[in-house]
**Student:** 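One structure, pasted below without further comment.
Residue numbering restarts at 1 for every chain, and letters A, B, ... go by the order of the sequence lines. Note that this is a predicted model, so its numbers are computed, not measured.
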Amino acid sequence: MNVAVAKTGNGRAVSDLFASAAGRLPGSPSVIAVRREAFETYERLGLPHRRIEEWKYTDLRALVGEVLPLAAAPDAAALKRAADAVKAHAIAGARKLVLVDGVFAADLSDLKALGSEVSVKTLREVLENKANPAAADLLQTISSDAVISLNAAMATDGVVISVADGAQPSAPVQLIHVATASSASSFTRSHLRIGKGARATIIESFVAAGKTSAYQVNDAVILAVGDNADAAHIRLMDDSPDAVNITSQFVTVGANTKLNFFNMTTGAAVSRLQGFITLAGEGSELSVNGVNLLQKTEHGDTTLVVDHAVPNCVSREVFRAVIDDRAHSVFQGRIIVRPDAQKTDGKMMIRALLLSDEAEADNKPELEIFADDVSCGHGATAGALDDSLLFYLKARGLPEKQAQALLIQAFVGEAIEQIADDDLREHVIGIAERWLERRQ
Amino acid sequence: MALLEVKDLKVRVEEREILHGLTLTVNEGEIHAIMGPNGSGKSTLSHVIAGKPGYEVTDGEILFKGEDLLAMAPNERAAKGVFLAFQYPVEIPGVSTMNFLRTALNAQRKARGESEYSTPDFLKKVREVSKSLNIPQDMLKRGVNVGFSGGEKKRNEVLQMALFEPSLCILDEMDSGLDIDALRIAADGVNALHSPKRAMVVITHYQRLLNYIVPDIVHVMSKGRVVKSGGKELALELEASGYAQFEDAA
């Protein structure tokens with residue numbers, strides 16, 4: 001087998017990567033020590049491959065091969081290109097926070113407009129604050145997953161957002177990741193805290209400036225939602241068609257809280273969103289949904305673990321994948337119900353629509369239930385468009401592609417309609433419509 | 001003037017010939033009834049005219065307004081004015097009836113080189129038409145045919161007929177699954193749409209429907225051919241004597 005060879009190759013590449021990036025990685029000596037440890041973990045594991053159960057369908061050694069060198073800090077020309085991309089992808093009314101090639105860009109961000117109830121720091125400034133003995137905690141690896149260790153080792157920047165207890169900021173915050181450097185990597189890590197009783201919406205967008213190509217994104221998000229809060233988290237991943245986006249999310253939900261999450265994947269050659277969500281307080285409602293729109297040879301993976309750690313919580317997951325050409329969609333969803341988590345109500349439904357004979361879908365729902373008084377269920381389907389519906393629409397005058405588009409819209413609509421905010425829901429419907437128009 | 005000319009049509013489905021040389025001419029403004037026992041090929045004929053996949057035409061031709069209908073995709077046929085009212089209209093969850101109607105109407109208009117309806121103009125038109133057919137507005141907000149009763153589904157077909165203004169309407173077993181009141185309502189809708197320019201082809205098993213939609217010409221189909229044509233009295237004759245007498249004629 002060539003696995004050993006690949007590992008050696010990757011290990012060497014990473015050593016170079018870490019050594020050459022040393023001057024770019026913020027942090028006091030204690031922070032650097034944490035980075036080094038994380039990096040050594042990564043070096044020992046190498047890129048995840050198919051023999052690691054969680055990565056069975058997304059073999060990064062085969063799909064990605066190597067980690068590209070760290071992107072240079074953006075210069076004035078890069079920031080100018082990024083500004084155009086930000087303009088194109090900014091959501092009306094949202095307060096923007098912009099990361100360009102893994103570096104916070106204050107001039108492109110709306111820091112002043114945020115007001116006092118939403119505090120924003122950069123990851124860099126927190127890590128560099130020698131007076132903060134807990135700074136290194138921001139780089140916790142949380143799990144033994146190699147890409148998360150790599151993220152901890154290499155994160156150049158990110159945002160640390162705190163929405164104050166009881167705050168209800170009128171505008172959503174939009175965190176925009178812009179890539180301007182081709183054939184380079186960026187590593188970002190953000191900490192989002194939504195205080196007790198707060199009501200807030202956070203949007204994340206991943207985009208490329210102009211024709212930026214073949215770049216790699218490794219992002220981590222640590223989100224903590226306090227008790228009695230009402231939070232929405234929308235992620236729109238529209239990286240360039242030959243990019244790689246690996247994002248890891250760690251979410252903790254307090255008691256009597258609502259969290260409405262939605263992910264839209266319309267870009268990247270290889271993408272994986274892995275989310276680890278813990279319901280840590282009773283009486284909360286979690287809604288986790290998403291749509292993957294994949295074409296050509298794109299590979300889109302959504303892997304979620306919803307952990308019911310306490311009783312009396314509800315979780316709902318609705319995912320839809322539309323897979324054209326030779327694209328490959330992966331959905332792995334696990335619901336864990338801990339022994340104490342009685343009266344848990346957890347449901348997960350994943351449906352894949354295959355638009356070509358060569359399209360592929362791997363759906364893997366799992367339930368791990370350790371409590372005895374729960375209501376949990378899951379379902380997974382994969383299939384083609386229904387010929388009888390297509391003929392009905394064509395017999396009413398719709399050309400083939402338009403008939404398909406109408407049925408596809410209805411298919412993804414079942415997930416999109418889970419977005420609680422009207423404006424954001426319309427925005428996401430628009431993204432799906434434009435994807436379908438490009439198909440026609 | 002001849003609207004639809006089916007000439008010596010032979011059709012196969014998976015190696016089995018269903019239509020063995022069928023000839024039929026429908027002129028503008030005429031109402032034709034096609035009757036016949038199960039398996040005589042009535043529905044096959046309607047499907048082939050509408051362009052449903054899975055049927056292989058091995059011989060013959062179909063002209064619509066003098067043009068080769070078989071060379072057109074189903075959506076092109078619709079835009080030219082062919083409308084098939086389905087025996088079992090499909091349910092399309094997630095697509096509102098209103099969105100479906102507007103998309104279909106504008107697709108047909110676009111194909112004909114006509115301007116597309118703006119949303120307010122469309123709403124005005126659809127309100128007018130649905131009011132004239134006694135179709136409640138809330139039905140239009142629901143998914144296409146989702147949760148509709150048999151009667152509602154057929155009324156939705158009639159609504160589309162009224163909205164798209166086709167020149168040829170083929171009603172495939174419109175009476176199946178309808179009680180007598182629903183049948184009357186649907187038939188009234190069809191009658192209201194009949195005009196000197198618009199022809200109707202009513203495919204039915206039973207004479208019952210023809211009490212409500214009165215045909216000019218009745219055809220009897222058996223074993224993939226039209227074996228007898230006559231006036232509306234032919235339907236009554238069939239009702240009395242059954243189809244058996246034609247089984248041998250074919």
Side-chain angles (χ1 to χ4, degrees), chain A residues 289-291 293 318-322 349-353 355 357 379 381 383-419 422 425-426 428-437 439-440, chain B residues 46-55 72-112 114 116 143-146 153 156-157 159-161 163-166 169-170 172:
Chain A
N289 313 286
V291 170
L293 299 175
V318 178
F319 281 82
R320 296 286 179 268
V322 178
M349 185 67 204
I350 163 74
R351 290 177 65 197
L353 180 59
L355 297 179
D357 291 343
T381 67
L385 286 170
D386 185 325
D387 284 335
S388 65
L389 302 193
L390 276 175
F391 175 64
Y392 188 81
L393 294 175
K394 286 191 276 186
R396 295 298 179 254
L398 273 68
E400 173 83 28
K401 289 273 182 173
Q402 205 183 349
Q404 288 186 5
L406 200 61
L407 295 179
I408 295 167
Q409 269 174 38
F411 177 79
V412 300
E414 293 167 27
I416 295 174
E417 70 188 21
Q418 307 299 325
I419 299 174
D422 295 344
R425 189 167 58 243
E426 287 304 316
V428 170
I429 289 170
I431 294 172
E433 281 174 355
R434 285 190 292 281
W435 188 87
L436 289 166
E437 277 163 19
R439 257 193 103 232
Q440 289 184 30
Chain B
S46 70
H47 291 158
V48 172
I49 293 171
K52 188 174 181 176
Y55 297 89
M72 298 177 204
N75 52 298
E76 295 170 315
R77 300 179 195 198
K80 290 274 183 200
V82 175
F83 183 92
L84 170 65
F86 283 57
Q87 181 179 4
Y88 300 109
V90 295
E91 298 190 7
I92 313 180
V95 178
S96 77
T97 303
M98 204 64 127
N99 182 24
F100 158 69
L101 293 174
R102 189 177 56 207
T103 307
L105 181 60
N106 279 336
Q108 291 193 20
R109 292 180 65 88
K110 193 177 168 191
R112 291 193 292 261
E114 298 165 9
E116 295 182 33
V144 177
N145 293 324
V146 177
K153 283 180 183 172
N156 192 14
E157 297 289 285
L159 169 66
Q160 292 170 49
M161 219 185 279
L163 205 56
F164 302 154
E165 302 176 274
C169 303
I170 302 164
D172 188 7

**Student:** Can you say whether Ala111(B) sits under 4.5 Å from chain A via the side chain, the backbone, both, or neither, judging by heavy atoms?
**Tutor:** neither
**Student:** Any idea which of Lys394(A), Glu400(A), Gln409(A) has the most non-hydrogen atom pairs under 4.5 angstrom with chain B?
**Tutor:** Lys394(A)
**Student:** Evaluate side-chain contact (heavy atoms from CB on, under 4.5 Å) for Leu389(A) paired with Val90(B), printing each intermediate quantity in order.
**Tutor:** CA-CA 6 Å; Leu389(A) 302 193; Val90(B) 295; 3.5 Å; yes
**Student:** Decide if atom NZ of Lys80(B) counts as having more than 12 heavy atoms of other residues, nucleotides or ligands within a radius under 6.0 Å.
**Tutor:** no
**Student:** Based on non-hydrogen pairs under 4.5 Å, which of Leu406(A), Leu407(A), Asp387(A), Asp386(A) is most in contact with chain B?
**Tutor:** Leu406(A)
**Student:** Decide yes or no for Val95(B) and Leu393(A): does some side-chain heavy atom of the first lie under 4.5 Å from some side-chain heavy atom of the second?
**Tutor:** no
**Student:** Would you give the length of the straight line joining atom OG of Ser388(A) to atom CD of Glu91(B), rounded to the nearest 0.5 angstrom?
**Tutor:** 10.5 Å
**Student:** Find the distance between CZ (Phe100(B)) and CZ (Arg396(A)) and round it off to the nearest 0.5 Å.
**Tutor:** 6.0 Å
**Student:** Against chain B, label Glu414(A) side chain, backbone, both or neither, depending on which of its atoms sit under 4.5 Å from a heavy atom there.
**Tutor:** neither
**Student:** Would you say the ring centers of Tyr88(B) and Tyr392(A) fall short of 6.0 Å from each other?
**Tutor:** no
**Student:** Give, as side chain, backbone, both or neither, the part of Phe86(B) having an atom under 4.5 angstrom from any heavy atom of chain A.
**Tutor:** both
**Student:** Between Pro89(B), Ala107(B), Pro53(B), Ser96(B), which residue shows the highest count of heavy-atom pairs closer than 4.5 Å to chain A?
**Tutor:** Ala107(B)
**Student:** Given that the side chain runs from C-beta out, which part of Asn99(B) has a heavy atom under 4.5 Å from chain A: side chain, backbone, both or neither?
**Tutor:** side chain
**Student:** Of all heavy-atom pairs between Ala78(B) and Gly397(A), which one has the smallest distance, and what is that distance?
**Tutor:** CB-N, 3.6 Å
